[in-house]
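Inspection log for the structure reproduced underneath, given as structure tokens.
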Amino acid sequence: MEHKFCQSCGMPLIANNKGTNADGSCNEDYCMYCYKDGKFTQDFTMEQMIEFCAQFTDQMNEQTGWNLTPEQAKEQMRRFFPNLKRWKQKDERTIIEKAMALLTQCNEVTLASINADGFPRPIPMAKGHTVGCNEVWMATGADSVKVADFKTNPKAGLCYSYNGDSVALRGTVEIVTDDSIRKEMWQNWYINHFPGGPTDPNYVLLHFTGTDATLWINGEFVHQDIKEK
């Protein structure tokens with residue numbers, strides 16, 4: 001009997017785990033976890049898919065009788081996945097377009113300010129509104145240490161990553177207190193930190209704009225200047 005595999009994640013395809021086409025019929029190439037209603041469920045690169053699948057190495061070992069480490073499983077997938085239908089098709093997007101997609105997948109970014117002693121101060125922050133791959137808005141307290149840092153020195157670093165792909169940016173931060181912009185950028189969950197709502201005097205925005213990037217996406221490593229809009 002011929003064994004069929006999902007042409008995205010390599011999972012064995014059987015009758016009850018097939019994905020669905022736009023008309024609701026079974027798809028013969030992809031599993032239900034990768035493909036639903038005629039679309040891929042995740043906007044992954046191949047390397048992201050490998051990182052994602054490596055989380056299930058223990059289950060794979062149990063089902064196959066193998067004894068692979070996660071790193072060994074990744075190496076095996078890197079040899080196998082390029083032969084799958086999804087990854088045979090060349091991704092025509094530029095690396096900047098891939099970086100834009102990567103940023104949409106992230107809930108958090110790491111923002112680094114420069115403190116009074118000249119040392120970087122990286123902190124994780126919830127992502128707000130974004131533009132392209134290099135412009136990120138974040139909410140914070142006007143009385144925070146990072147705001148004090150940026151008032152003295154607007155230079156900043158920002159990075160984000162997801163399932164093995166990453167982007168690191170250098171740029172500047174603008175502290176935004178304009179009432180109309182604060183209202184426009186307000187998100188409902190901010191109320192947990194700023195009980196006064198969009199007009200809370202302690203609610204300010206950090207607007208980061210990156211001017212150059214170091215990108216590692218799907219095995220491609222690039223340093224690139226990014227002109228400000």
Side-chain angles (χ1 to χ4, degrees), residues 7-10 34 39-55 70-71 73-114 119-140 146 149-150 153-174 176 185 205-229:
Q7 296 297 299
S8 172
C9 70
C34 290
K39 296 183 293 186
F40 289 113
T41 57
Q42 296 278 7
D43 184 19
F44 279 168
T45 63
M46 188 182 79
E47 192 62 29
Q48 285 178 333
M49 179 61 77
I50 289 170
E51 290 287 337
F52 178 79
C53 291
Q55 301 175 83
E71 286 305 314
K74 288 180 192 178
E75 285 307 308
Q76 190 174 91
M77 286 185 274
R78 288 187 182 111
R79 291 193 296 268
F80 177 51
F81 277 25
N83 298 308
L84 299 176
K85 179 179 178 179
R86 183 176 184 183
W87 313 118
K88 276 183 179 180
Q89 300 168 1
K90 186 175 172 151
D91 189 340
E92 300 292 348
R93 295 177 299 173
T94 67
I95 196 164
I96 293 299
E97 289 170 335
K98 293 174 186 175
M100 290 168 59
L102 179 63
L103 182 54
T104 65
Q105 293 171 312
C106 303
N107 294 320
E108 289 186 349
V109 299
T110 298
L111 178 69
S113 59
I114 305 297
F119 287 97
R121 183 176 178 270
I123 49 169
M125 295 196 70
K127 180 190 74 177
H129 179 68
T130 65
V131 177
C133 72
N134 67 318
E135 197 172 343
V136 183
W137 298 76
M138 297 148 283
T140 192
K146 52 189 168 292
D149 285 346
F150 288 127
N153 186 347
K155 292 180 179 177
L158 184 142
C159 62
Y160 51 92
S161 62
Y162 188 73
N163 276 348
D165 288 347
S166 65
V167 173
L169 297 155
R170 291 191 305 175
T172 56
V173 163
E174 174 191 10
V176 179
M185 296 294 176
L205 294 160
L206 301 178
H207 178 204
F208 172 87
T209 303
T211 54
D212 63 90
T214 300
L215 308 101
W216 172 258
I217 298 179
N218 208 33
E220 185 178 2
F221 183 70
V222 174
H223 292 293
Q224 187 158 331
D225 291 334
I226 304 174
K227 292 182 179 178
E228 295 185 56
K229 297 181 180 179

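Position 1 is the first residue of the sequence; numbering continues from there.
If you take CE on Met125 and OG1 on Thr140, they are separated by 4.5 Å, rounding to the nearest 0.5 Å. The structure places SG of Cys133 at 13.0 Å from NZ of Lys98, a figure rounded to the nearest 0.5 Å. From Ser113, atom OG reaches atom CZ of Phe150 across 4.5 Å, with rounding to the nearest 0.5 Å. For the atom pair CG (Leu169) and CG (Asn134), the distance works out to 6.5 Å, reported to the nearest 0.5 Å. With values rounded to the nearest 0.5 angstrom, Gln7 atom CD is found 10.0 Å from Gln89 atom CD. The distance from atom CH2 of Trp216 to atom CG of Asp165, rounded to the nearest 0.5 Å, is 9.0 Å.
Across Cys9 and Phe81, no two heavy atoms sit closer than the pair O-CZ, 3.2 Å. In plain terms, the two heavy atoms of Gln224 and Val222 that are nearest each other are OE1-CG1, 3.7 Å. Heavy-atom minimum distance, Asn83 versus Arg79: ND2-O, 3.5 Å.
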CA sep, side-chain torsions, deciding dist, call: Thr209, Glu174, side-chain contact (heavy atoms from CB on, under 4.5 Å): CA-CA 8 Å; Thr209 303; Glu174 174 191 10; over 6 Å; no
Report the C-alpha distance between Leu158 and Met138 in whole Å, list the side-chain angles of each, state the deciding distance to 0.1 Å, and finish with yes or no for side-chain contact (heavy atoms from CB on, under 4.5 Å). CA-CA 11 Å; Leu158 184 142; Met138 297 148 283; 4.0 Å; yes
Set out, in order, the CA-CA distance, both residues' side-chain angles and the distance that settles side-chain contact (heavy atoms from CB on, under 4.5 Å) for Val167 and Ile217, then state yes or no. CA-CA 8 Å; Val167 173; Ile217 298 179; 4.2 Å; yes
Kindly determine whether Tyr160 and Lys127 satisfy side-chain contact (heavy atoms from CB on, under 4.5 Å), including the steps that lead there. CA-CA 10 Å; Tyr160 51 92; Lys127 180 190 74 177; over 6 Å; no
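Between the side chain of Trp87 and the backbone N or O of Ser8, at least one donor-acceptor pair lies under 3.5 Å.
You'll find the side chain of Phe44 reaches within 4.5 Å of the side chain of Tyr162, heavy atoms only. Counting only heavy atoms from C-beta outward, the side chains of Gln42 and Phe52 never approach each other to under 4.5 Å. The shortest side-chain heavy-atom distance between Asn218 and Ile95 does not fall under the 4.5 Å cut-off. A heavy-atom distance below 4.5 Å is found between the side chains of Phe221 and Thr214. Here the side chains of Ile226 and Thr211 are not in contact, with every heavy-atom distance at 4.5 Å or above.
Taking Glu92 as the reference, Lys90 meet the side-chain contact (heavy atoms from CB on, under 4.5 Å) condition, with sequence neighbours excluded. The side-chain contact (heavy atoms from CB on, under 4.5 Å) test applied to Ala54 returns Thr57, Lys74, Met77, not counting sequence neighbours.
Judged purely by distance below 3.5 Å, without hydrogens or angles, the side chains of His207 and Glu135 pair a donor atom with an acceptor atom. No side-chain donor-acceptor contact under 3.5 Å links Asp91 and Thr45.
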Do any side-chain atoms of residues 102-111 form donor-acceptor pairs under 3.5 angstrom with protein atoms, and if so which ones, sequence neighbours left out?
from, atom 1, to, atom 2, distance (Å)
Thr104, OG1, Ala101, O, 2.6
Gln105, OE1, Gln48, NE2, 3.2
Gln105, NE2, Asp43, O, 2.9

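A 6.0 Å sphere centred on CZ of Arg121 holds more than 12 heavy atoms belonging to other residues, nucleotides or ligands.
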